[in-house]
Peer 1: 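Before anything else, here's the structure in question.
Numbers restart at 1 for each chain; the letters A, B, ... are given by sequence-line order, proteins then strands.
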Amino acid sequence: MQIFINDSAFEVPEKASAEQALVTFGAKPPFALAVNGQFVAQGQYQHLALQDGDRLDILSPIQGG
Amino acid sequence: MSVEELSAKEQIRYSRQLMLDGFGMDAQLRLKNATLLVVGCGGLGSPALMYLASSGIGRLRLMDDDLVELSNLQRQVLFKVNHLGQPKAKAAAKVLASLNNEIAVEAIVTRADANNLDELVNDSDLVLDCSDNFATRYAVNRSCYAQKKPLVSAAASGFNAHLAYFDFRRAASPCYECVFPEREDNPSDNCATQGVIAPLLGIIGAQQALLAIQCILGTGETGVVHSYNAHTLGQKQFKLPKDPDCDCCGK
Ligand SMILES: [Zn+2]
């Protein structure tokens, strides 16, 4: 199935977890993950089964200002 | 001691706000009676403060222990060549006082930390985090949470920025650490190491000012994180639930 991570399309297996998608993307901690516009707590990454068309956003903390 | 009317001059100065639908005298008086603590008078603090001062926030307290440097002038639009070497908080206070002589502006030339924040935060209606380092961000978040004061937090580096409003007067509000928990491996990148595109600070600092005004008027939405991309000019919004395991606001 196809999902989107930071607006780019990725192929992942059916019912892949958010954690698997993060590995596919090569996300480097620390980051926050939002799925379809809502943040997901880190403890839920491995339990959250993704669906076709899900939109993931990975946000790295920023300190500047 | 809240002020309950505007002078004739103030009515002219703020006329373009007073005529706004759903704004009016009551809203302007709320701004006039508000005290804001702004932590950091740099890239974000500059535009945020200029709009907050010109809009008529009655009392602005500026906290920063840095001095104005030549490399600041690319984006910290409060400062001019003649401010080089001066404490940012003091130079900013002078500029803002000349921008609006109807408001009170106070410079606090001190680095914000866990020891000095609580009293200042408690004496404010709202806090803006315009700082440039994680240690200050976590200290400001914790103090605002402890004192139950609303916080408008923003950060910018490179071509990316984040912006969020946390209304700690509501028990259900999440906090900064719910989205970015304190970690030893937090990135060390900042504007000095990574650079930052100047107008990004204007875009985000102005939004901080807008969120601050919304907060004072009671219309801001708590627990929404905005992410801005200066390459695409795209801004995304994410809902942030309170994390029950958060070190700051969780159980
Ligand atoms: Zn929290």
Peer 1: Are the side chains of A:E19 and A:L48 in contact, using a 4.5 Å heavy-atom criterion?
Peer 2: no

Peer 1: For a 4.5 angstrom cut-off between non-hydrogen side-chain atoms, does B:V68 reach B:L84?
Peer 2: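 With C-beta onward as the side chain, the pair touches.
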
Peer 1: Sort out for me which of B:S131, B:C130, B:G158 touches chain A most, counting heavy-atom pairs under 4.5 Å.
Peer 2: B:S131

Peer 1: Within a strict 4.5 Å, meaning less than it, do heavy atoms of the B:M63 and B:V140 side chains meet?
Peer 2: no

Peer 1: Please classify the contact of B:Y176 with chain A as side chain, backbone, both or neither, using a heavy-atom distance under 4.5 Å.
Peer 2: side chain

Peer 1: At their closest point, which heavy atom of B:L49 faces which heavy atom of B:L96, and how far apart are they?
Peer 2: O-CD2, 3.6 Å

Peer 1: Using a cut-off of under 4.5 Å on heavy-atom pairs, state which of A:A34, A:S60, A:G43, A:A41 scores highest against chain B.
Peer 2: A:S60

Peer 1: Who wins among B:S157, B:S227, B:G40, B:P241 for the most heavy-atom pairs under 4.5 Å with chain A?
Peer 2: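 Between B:S157, B:S227, B:G40, B:P241, the count favours B:P241.
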
Peer 1: Which of residues 159-171 of chain B get closer than 4.5 angstrom to chain A, counting heavy atoms alone?
Peer 2: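 Result: B:N160, B:A161, B:H162.
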
Peer 1: Tell me the closest heavy-atom pair linking B:V77 and B:M50, and the distance in Å.
Peer 2: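 For B:V77 and B:M50, the tightest heavy-atom pair comes out as CG2-SD, 3.9 Å.
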
Peer 1: Near B:K236 NZ, under 6.0 Å, is it more than 12 heavy atoms from other residues, nucleotides or ligands?
Peer 2: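 Yes.
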
Peer 1: Measure B:F134 against the heavy atoms of chain A and call it side chain, backbone, both or neither at under 4.5 Å.
Peer 2: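 For B:F134, backbone and side chain are both near chain A.
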
Peer 1: Against chain A, label B:V196 side chain, backbone, both or neither, depending on which of its atoms sit under 4.5 Å from a heavy atom there.
Peer 2: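 When you check distances to chain A, no heavy atom of B:V196 falls under 4.5 Å.
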
Peer 1: Is chain A contacted by the side chain of B:D243, its backbone, both, or neither, given a heavy-atom distance below 4.5 Å?
Peer 2: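 When you check distances to chain A, only side chain atoms of B:D243 fall under 4.5 Å.
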
Peer 1: Most heavy-atom pairs under 4.5 angstrom with chain A, which of B:D245, B:V225, B:L201?
Peer 2: B:V225

Peer 1: Might you work through the side-chain hydrogen bond (donor to acceptor under 3.5 Å, both in side chains) test for B:Y138 and B:D247, ending with a clear yes or no?
Peer 2: CA-CA 11 Å; B:Y138 289 115; B:D247 281 346; over 6 Å; no

Peer 1: Which atom names give the shortest non-hydrogen contact between B:C246 and B:C249, and what distance separates them?
Peer 2: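 Shortest heavy-atom contact: SG-N, 3.4 Å.
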
Peer 1: Could you check if a side-chain atom of A:I5 sits within less than 4.5 angstrom of a side-chain atom of A:I58, using non-hydrogen atoms only?
Peer 2: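 Of all side-chain heavy-atom pairs linking A:I58 with A:I5, at least one is under 4.5 Å.
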
Peer 1: Do A:P30 and B:D185 have side-chain heavy atoms sitting under 4.5 Å apart?
Peer 2: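 Counting from C-beta outward, A:P30 and B:D185 do come under 4.5 Å.
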
